[in-house]
*Asks:* 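One structure coming up, written as structure tokens, with questions to follow.
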There are 2 protein chains.
Amino acid sequence: MEANKTKIAIVGCGAVGSYYGGKLCQTGRDVHFLLRSDYEVVRENGVQIQSLNGDFHVRPVAAQSPGEIGPCDLVIVALKSTANHCLGEMLTPLVGKHTALLTLQNGLGNEAALAELFPAQPVFGGMCFVCLNRTEPGVIHHIAHGKIVLGRHGGSPDELTAAIAELIRSTGIPVDVSPDLEKAHWEKLVWNIPFNGLGVAGAAGLDATLVGQLGPCQPIGPCLATDALLDNGPWEQLVTELMDEVIASGCALGHDLSPGLGEHQRNRTRVMKAYLSSTLIDFERGLPLELDALFRLPLGRAQAAGVETPRLAALCDLLAELDN
Amino acid sequence: MEANKTKIAIVGCGAVGSYYGGKLCQTGRDVHFLLRSDYEVVRENGVQIQSLNGDFHVRPVAAQSPGEIGPCDLVIVALKSTANHCLGEMLTPLVGKHTALLTLQNGLGNEAALAELFPAQPVFGGMCFVCLNRTEPGVIHHIAHGKIVLGRHGGSPDELTAAIAELIRSTGIPVDVSPDLEKAHWEKLVWNIPFNGLGVAGAAGLDATLVGQLGPCQPIGPCLATDALLDNGPWEQLVTELMDEVIASGCALGHDLSPGLGEHQRNRTRVMKAYLSSTLIDFERGLPLELDALFRLPLGRAQAAGVETPRLAALCDLLAELDN
């Protein structure tokens, strides 16, 4: 993967795709954005990134259909996982003999979905530790962080993993290569499950003591940002208990997650400003929630591994009630 | 798997689970039904099978939770695939060291879901060529056929495949062991995609020439049974074109489906009475459609294999519009 000649497609140009695609574009790569709703705006005006590290503006090649882009060296998938049934259609024209596929999507199962569709291609997963919001079409607000933890699906990191990591690092984004992609996913779920999940639960007007004793419920209040969850005793308790369930699940599945990981993440989150995770924003916009990737698949695997996860099970039920 | 000692759980006791579970029960196996809505009725009255081969009545052990059943030799999964996110919870207490898992669910991806959750267990898939309806709780109407085509997930048939085939055959049900489970799935999809899919499309009040030119649509008419689809020129044409797309897709994925398979299936279906497939019944009852397993995963794989499937793509869009 020679950086200067690398042809890159970004599939799913919400906040994550636009930010990382924008960084690659800024450093002179041949970057093609596959767009639907934002096509006109991005074609006219490019993409504006308002970043804590300095604002910038880029003009990726805007395409409305994957056929206009054609085969790429690297396809970066940042679609909502709720649209994974469209991957075959959206990616096929982008995939040639040597195309590498990198998913930056939330949660579990996304690499497997790509590998199932494109069994001959190398598949990578990247976890994005970043706070981003797409504030309007073509405008991304980069609030904090940005590191990617990268791994190869179904194997150990290899030369191609290193080349992709180096390509992303060349834009200034820190990249850690993980020897165990699934473990890295579970480490990130320790954060996502409580903060993405309970934030939406708060919108049901439930207090923390009621989660787990659920009947039909409807949104009656605002979502709870990270600070609201950590500043309130019962909610913080529930964050902690959920984190412990996720850590126990990851460990039972053979990934040696650190027992102190939950506390570390809570402390790191306390020093962040109030943050509304992607699931909260999806919910407030009336979009489908990433139930399978972020909640149901982790729950299913935890249960299959024989771990008791009553809090996670109750959270899944609640989110299913609230999902559109 | 010694037949007389074999402990069997049936998970998902709709028409398919109750019929095959009932046959195993009738021949004296130790069969446990895991039930939700029908629990009281089945515990009180057992299961009544009204079959073209002679009615019969059985009393499986009725359980409300998998923990009451405990580890089994064989777990037969006949849940709607739309409930696959519950597999971890429902199956874990049933799975011991030597438990085999057999899914009789529709479409693609179900064996993979089981293998993902229970990587140490042998996983099998069975395609049921049968016409069944659950007419009320605990009452199953067996209208026609019954054969199962059985295969091992991720490998060739082995001794355990043969033992499970023999166990089912001992109830009088014909079983073919397939050397290639994925090919067998594609052969069955050649039937399911047009008849399950277009039958529901008919309920949108569309005529066949309009499928593929879709805006938002709502159900305004009855579903179309098999005979209505085959007795009407434009619908029959669409059945044929869809079958050809599915055959081309299966072939492109490396399964040598016979080019005459579509015509063979249409002829075989013409001599059946009018039949409402499970998807039509789900739709008429307001239940979620098995979009992913029967339509979206096949479409995704066809597209990833580079096959043009405009009819299947239009059908997926239409069914997504109509889904609850």
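In what follows, chains are A, B, ... by sequence order, proteins preceding strands, each numbered from 1.
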*Asks:* Distance check, rounded to the nearest 0.5 Å: A:T309 atom OG1 versus B:E89 atom CD?
*Replies:* 8.5 Å
*Asks:* Flag the pair B:R301 / A:L117 as yes when at least one side-chain heavy-atom distance between them is below 4.5 Å, and no otherwise.
*Replies:* yes
*Asks:* Minimum heavy-atom separation for B:D292 and A:H85, please, with both atom names.
*Replies:* OD1-CB, 4.4 Å
*Asks:* Does CD in A:E308 sit with more than 12 non-hydrogen atoms of other residues, nucleotides or ligands closer than 6.0 Å?
*Replies:* no
